Amino acid sequence: MYRVKAIASGLTRPALYQLKCLHNQRFAEVTCVPFRKYASSAQAESFLNGSSGSYVETMYESWQKDPNSVHKSWKAYFEGQEFVRPPSLGGSVPSLSSFSSKDIKDNLEVGKLIEAYQRRGHNIATLDPLGLLDADLDPEIPKELLLSSYHWEESDLERKFTLPTTTYIGGSETEKPLKDIIERLKEVYCGHIGIELMHLNNKEQIDWIKQKFETPGIVRLTKEEKNTVLARLLRSQKFEEYLAKKWSSEKRFGLEGCEVLIPAMKTVIDTLSDRGVDDFIIGMPHRGRLNVLANVCRTPLERIFGQFDPDLERFEEGSGDVKYHLGMSIQRLNRVTNKNVSLSLVANPSHLEAVDPVVQGKTKAKQFYRGDSEGKKVVSMLLHGDAAFAGQGVVFETFHLSDLPDYTTNGTIHIVVNNQIGFTTDPRSARSSAYCTDGARMVNAPVFHVNADDPDAVVYVSKVAAEWRAEFGKDVVIDLVCYRKNGHNETDEPMFTQPLMYKKIAVQKPVLDQYAEQLIKEGVVTTKAYEEEIEKYNKICEEAFIHKKDHKKGEWLDSPWDNFFKKEGPGQERWMMVKPNTAVPEEKLNHIGMKVSSEPEDVTIHSGLKRIMKMRKQMVEKRQADWALGEALAWGSLLSEGYHVRLSGQDVERGTFSHRHAVLFDQNVDKKKIVPLNHLYPNQAKFQVHNSSLSEYGVLGFELGYSLENPYTLVIWEAQFGDFANTAQCIIDQFISSGKDKWTRESGITLLLPHGYDGMGPEHSSGRLERFLQMSNDDGDYFPPENEDFVTQQSHEINWFVCNFTTPANFFHAMRRQILLPFRRPLIVMSPKSLLRHKDAISSFDDMNEGSKFRRVIPESGAATQNAAGVKKLIFCSGKVYYDLIYEREKKELNDQIAIARIEQISPFPFDLVKEEIQKYPKASINWVQEEHKNMGAWFYVEPRIRTVLTKLDMADASIEYCGREPAASTAAGSKRSHLLQLASFLNEAVSLSE
């Protein structure tokens with residue numbers, strides 16, 4: 001197709017008309033019936049229009065292989081001979097005889113040349129400010145850009161050629177001399193801007209970009225715009241210089257070498273603000289973060305400088321984080337557009353690019369709550385480093401979400417701070433692709449490479465990128481090719497590994513100095529005015545430094561919930577200790593139950609689903625709920641109370657184990673479906689349930705971001721199997737478990753991790769319960785004070801809840817508790833697999849209606865309670881193994897001698913209730929039983945805590961016995977037989993009494 005585009009674009013207008021006439025006559029009697037809907041306009045183009053023309057391509061390829069294989073009319077055209085009309089076609093066709101073979105070939109060559117620059121000009125653009133590296137890592141000039149590849153003579157350089165319709169370099173001119181055509185192409189595509197656009201599959205979008213750069217004189221800034229750029233550049237550079245002067249030995253990950261990032265970001269904000277956007281969600285790494293906080297977000301300098309003071313206490317609670325990881329949220333006036341804008345810079349760890357999906361999820365949530373379905377009000381902006389953008393897989397996962405209907409944010413502005421180095425790694429060792437931005441091509445995002453030492457070019461590119469996002473609602477990438485003045489941080493020595501680069505950097509004139517000299521020379525600004533601006537900003541910094549200790553501690557929150565934390569007013573002193581009522585009136589349970597178990601009237605569902613719906617209705621009539629109905633009742637009740645619920649993950653609409661069926665699909669009509677939970681009440685909140693892409697890291701990060709925006713939303717991510725959650729471990733470790741401690745940022749996100757040993761092998765058995773417990777922040781050696789606030793206080797102080805439920809009712813209460821607590825903590829659930837259809841895993845409505853509550857521990861309720869003094873063994877367990885234990889106990893007729901208590905909420909540990917159970921059975925030995933291997937599961941977590949309880953009871957000498965599988969490297973046996981043998985062995989041991 002490349003060749004045919006060159007042919008078509010190179011034709012003079014008369015020649016193009018000849019071919020169109022031939023095409024029209026050739027197919028005059030053919031009726032075409034379209035058999036598909038085209039995904040893009042390029043696929044639907046007519047003959048010789050833009051990038052299409054498969055018919056000409058076919059003819060040309062056939063002629064290349066064998067000139068006699070095509071009709072002599074095509075042969076004549078391709079050989080430049082006199083045109084011969086096909087004998088079967090009537091009518092008259094204009095002749096090509098007036099064009100010589102050289103005329104036709106030369107016009108074709110011009111078209112090829114123009115497209116070559118549009119396609120490959122960026123490969124030879126002057127992008128590196130240091131003049132050391134080729135941005136695409138290839139020193140060779142593409143063959144198609146060499147004049148020697150074409151058949152012109154020197155005299156042809158002065159010849160005028162008619163410009164094809166595929167270019168705008170002529171402006172109002174329709175023809176230009178060949179030498180001028182070449183100069184214009186070099187100016188547009190090989191200067192300080194490199195444009196990647198020809199990979200796009202949409203002709204309208206390609207033409208739009210061409211016009212933005214090819215139109216003569218369009219890449220120019222006004223005098224006023226240049227003054228603005230200079231002022232922003234000055235503040236960017238002088239801010240870094242001030243920090244370097246005051247705290248020379250501190251790590252700050254400064255922006256030196258890419259100070260132009262600040263004018264770039266502010267230009268994007270200005271442009272989109274002018275088009276109605278008033279909310280920007282920003283994610284970025286540590287480099288330049290303080291500068292962005294100061295000069296883009298306008299965080300008070302006093303607050304930033306205060307972060308350098310080692311004596312200044314920065315956080316009221318938690319461990320805090322380094323200054324270059326902190327987030328913020330602010331509303332301010334955009335002075336260019338005179339409109340208010342909100343800016344949120346999302347806090348992030350050092351794990352590069354991990355914040356990307358979090359930003360996208362937060363943006364999606366904000367768009368949802370504002371009814372901004374097209375992204376006209378809320379926009380995300382992501383900053384990247386070159387090495388991370390090319391190397392981190394989460395970048396791909398985030399891009400992969402960009403055009404999915406349930407995850408799209410309608411386009412993100414990506415800005416790459418391209419240092420041309422990663423820590424100490426040369427880019428030639430850091431990526432296989434030509435550019436660090438090549439991953440963006442997969443989602444048809446245009447890429448604008450720009451020399452960061454040319455502020456005018458940077459600002460123009462930033463303006464076009466913002467306009468692209470406003471026009472097409474798609475991702476776009478700005479690649480700021482720059483350098484890093486210091487090492488990875490200010491204390492690092494880069495000369496060890498990049499001596500040549502840093503020798504050049506040492507003598508490189510800062511971009512501010514270059515630009516100021518340029519504007520003074522152009523008469524845009526005077527030397528005096530420039531120096532006065534420098535002095536003025538230095539005074540601002542000095543004043544802020546003096547008052548840094550007087551400035552009140554700021555809240556470094558990227559997601560402030562101003563109306564959620566009720567800390568003031570009468571009766572609010574104990575707001576945090578309010579115990580939520582998670583029970584629901586039976587009338588509501590019946591209503592929701594009947595709604596979700598009734599067949600829809602206008603959707604023909606699968607016959608198997610009809611049976612499932614019938615069984616659900618029968619359960620409702622019996623006042624019972626299995627797992628699927630229990631979760632529907634929980635979510636439905638929250639929806640009825642106005643709380644938005646979002647469930648996301650792989651196959652969640654049906655459920656991995658085909659238990660949920662939250663979406664009912666018509667068996668006869670494509671895409672026709674119904675979500676019963678959205679049809680409960682007239683004014684209910686929205687229930688969203690979305691099958692995600694096959695991604696854990698990206699999607700969990702997205703859902704975490706979604707949960708940060710509004711505390712009144714229950715956001716749930718369900719893994720296909722709990723085993724697969726470890727591919728999202730970075731989000732779990734760096735954000736979910738520790739976000740509150742580091743950034744005082746709360747989230748109520750819920751993770752459902754299917755867990756349980758059912759003989760399905762080592763990759764389908766374990767949600768790695770032990771890892772979550774290890775990251776819980778409660779002290780196993782400390783028994784909290786027992787008072788009326790025990791439960792709420794413990795819940796408030798924990799970093800998350802970790803649970804392994806055995807009943808639908810307890811799951812029901814836990815879901816409702818997530819929203820009804822006066823604070824937010826993540827909830828980790830080792831959700832069941834076999835229990836989804838277990839005959840005994842059924843709950844009565846009595847366990848969910850008024851008077852019921854969440855049960856942290858479910859004590860023994862059978863015969864053993866009537867024989868407490870005679871009970872010889874007390875077993876604590878959690879999860880599915882409980883049902884295996886009670887069956888084994890029944891089989892051995894030991895119901896009155898062995899008591900079994902279920903710890904439903906493992907963390908925070910229910911010290912008080914475990915204490916009560918131990919006190920009930922004074923003569924019983926204490927055992928912990930689990931189905932996981934000894935070095936996994938909850939054993940290592942519960943054992944010291946039970947010992948703490950025993951110490952509290954003056955029973956420090958009592959032993960706690962472990963019963964379960966032996967330690968192992970793999971989570972589970974690979975064969976069903978081995979699994980069953982292990983199960984039988986430890987059950988026999990657990991439910992046995994020593995003589």
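From a predicted model like this one, the values you see are computed outputs, not experimental measurements.
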Do Trp717 and Thr750 touch side chain to side chain, with heavy atoms closer than 4.5 Å? no

d(Cys877 SG, Leu885 CG) to nearest 0.5 Å is 5.5 Å

Do the non-hydrogen side-chain atoms of Ile282 and Val359 ever get within less than 4.5 Å of each other? no

Whether Arg646 side chain and Val715 backbone form a donor-acceptor pair below 3.5 Å: no

I'd like to know if Glu931 pairs up with Arg965 as an ion pair, taking the criterion as any Lys NZ or Arg NE/NH1/NH2 lying under 4.0 Å from an Asp or Glu carboxylate oxygen. no

Heavy-atom check, side chain of Glu932 versus side chain of His755, under 4.5 Å: yes

Using the ring of each side chain (for Trp, its six-membered ring), is Phe790 parallel, tilted or perpendicular to Phe783, with breaks at 30° and 60°? tilted

Audit row: Asp789, Gln793, side chain to side chain donor-acceptor pair (under 3.5 Å) steps and yes/no: CA-CA 6 Å; Asp789 295 328; Gln793 185 70 43; over 6 Å; no

Is a donor on one side and an acceptor on the other found under 3.5 Å between the side chain of Gln930 and the backbone of Ala938? yes

Measuring from atom CD of Glu786 to atom NZ of Lys952, what distance do you get when rounded to the nearest 0.5 angstrom? 5.5 Å

Run Ile906 and Val942 through side chain to side chain contact (heavy atoms under 4.5 Å, CB included) and show every step you take. CA-CA 8 Å; Ile906 309 173; Val942 301; 4.1 Å; yes

Are Tyr882 and Phe805 an aromatic pair by the rule of ring centers under 6.0 Å? no

Is it true that Tyr962 and Trp939 have ring centroids separated by less than 6.0 Å? yes

Between Leu751 and Leu827, is a side chain to side chain contact (heavy atoms under 4.5 Å, CB included) present by the stated rule, with each step listed? CA-CA 6 Å; Leu751 276 60; Leu827 169 62; over 6 Å; no

Is a donor from one side chain sitting under 3.5 angstrom from an acceptor on the other, for Asp651 and Gln720? yes

Who are the side-chain contact (heavy atoms from CB on, under 4.5 Å) partners of Lys686, not counting sequence neighbours? Phe368, His644, Asn678, Gln688

Evaluate side chain to side chain contact (heavy atoms under 4.5 Å, CB included) for Val578 paired with Phe823, printing each intermediate quantity in order. CA-CA 10 Å; Val578 173; Phe823 46 83; over 6 Å; no

Taking it one step at a time, do Gln794 and Asp778 satisfy side chain to side chain donor-acceptor pair (under 3.5 Å)? CA-CA 9 Å; Gln794 199 183 37; Asp778 62 334; 5.4 Å; no

Quick check: does any side chain N or O of Asp758 sit under 3.5 Å from a backbone N or O of Met760, one acting as donor and the other as acceptor? no

Side chain to side chain contact (heavy atoms under 4.5 Å, CB included), that's the test. Do Ser795 and Val791 meet it? Break it down for me. CA-CA 6 Å; Ser795 299; Val791 175; 4.3 Å; yes

Could you check whether any side-chain heavy atom of Trp627 comes within less than 4.5 Å of a side-chain heavy atom of Ile842, counting everything from C-beta outward? no

Can you pull out every salt bridge (charged side-chain N to carboxylate O under 4.0 Å, His left out) where at least one residue sits in residues 349-362? Sequence neighbours excluded, please. Lys362-Glu709

cation_pi(Arg816, Tyr643) dist<6.0 Å, angle<=45: no

Ring-plane angle category for Phe772 and Trp800, please: parallel below 30°, perpendicular beyond 60°, tilted otherwise. tilted

Testing Ile918, Asn927, Ile960 for side-chain contact (heavy atoms from CB on, under 4.5 Å) with Phe876, which one passes? Ile918

Can any side-chain N or O of Gln392 pair as donor or acceptor with the backbone N or O of Val394 at less than 3.5 Å? no

Please tell me whether Ser695 and Glu397 have a donor and an acceptor in their side chains that are separated by less than 3.5 angstrom. yes

Distance check, rounded to the nearest 0.5 Å: Leu953 atom CG versus Thr948 atom OG1? 11.0 Å

Ignoring hydrogens and geometry beyond distance, is a side-chain donor-acceptor pair present between Ser766 and Thr971 at under 3.5 Å? no

When rounded to the nearest 0.5 angstrom, what is the spacing between CZ in Phe657 and CG in Leu835? 11.0 Å

Answer whether the closest heavy-atom distance between the side chains of Leu700 and Ile736 falls below 4.5 Å. yes

Using the benzene-type ring in the case of Trp, are the ring centres of His764 and Phe724 under 6.0 Å apart? yes

May I ask you to check whether over 12 heavy atoms, not counting those of Asp957, lie within 6.0 Å of atom CG? no

Test log, rule side chain to side chain donor-acceptor pair (under 3.5 Å), inputs Gln650 and Glu696: CA-CA 9 Å; Gln650 296 158 26; Glu696 287 83 29; 2.6 Å; yes

Charged N to carboxylate O under 4.0 angstrom, Arg856 versus Asp912? yes

Ser648 versus Glu703, side-chain donor and acceptor atoms under 3.5 Å: yes

Pair Glu770 + Arg768: basic N to acidic O under 4.0 Å: yes

Is it true that the side chains of Ser637 and Lys588 contain a donor and an acceptor less than 3.5 Å apart? no

For the residue pair Glu966 and Lys934, establish whether any side-chain heavy-atom pair is separated by less than 4.5 Å. no

Identify whether NZ of Lys or CZ of Arg in Arg945 sits under 6.0 Å from the centre of the six-membered ring of Tyr941 and within 45° of that ring's axis. yes

Should Thr806 and Arg902 be marked as a side chain to side chain donor-acceptor pair (under 3.5 Å) after you check the CA-CA gap, both sets of side-chain angles, and the distance that decides it? CA-CA 8 Å; Thr806 58; Arg902 293 167 267 174; 3.0 Å; yes

Please state whether the rings of Trp635 and Phe811 are parallel, tilted or perpendicular, taking 30° and 60° as the class boundaries. perpendicular

Does atom NZ of Lys920 have more than 12 heavy-atom neighbours from other groups under 6.0 Å away? yes

Spatial distance of atom CG (Asn849) from atom OG (Ser844) [nearest 0.5 Å]: 7.5 Å

Interatomic distance, Tyr697 atom OH to Phe702 atom CZ [nearest 0.5 angstrom]: 16.0 Å

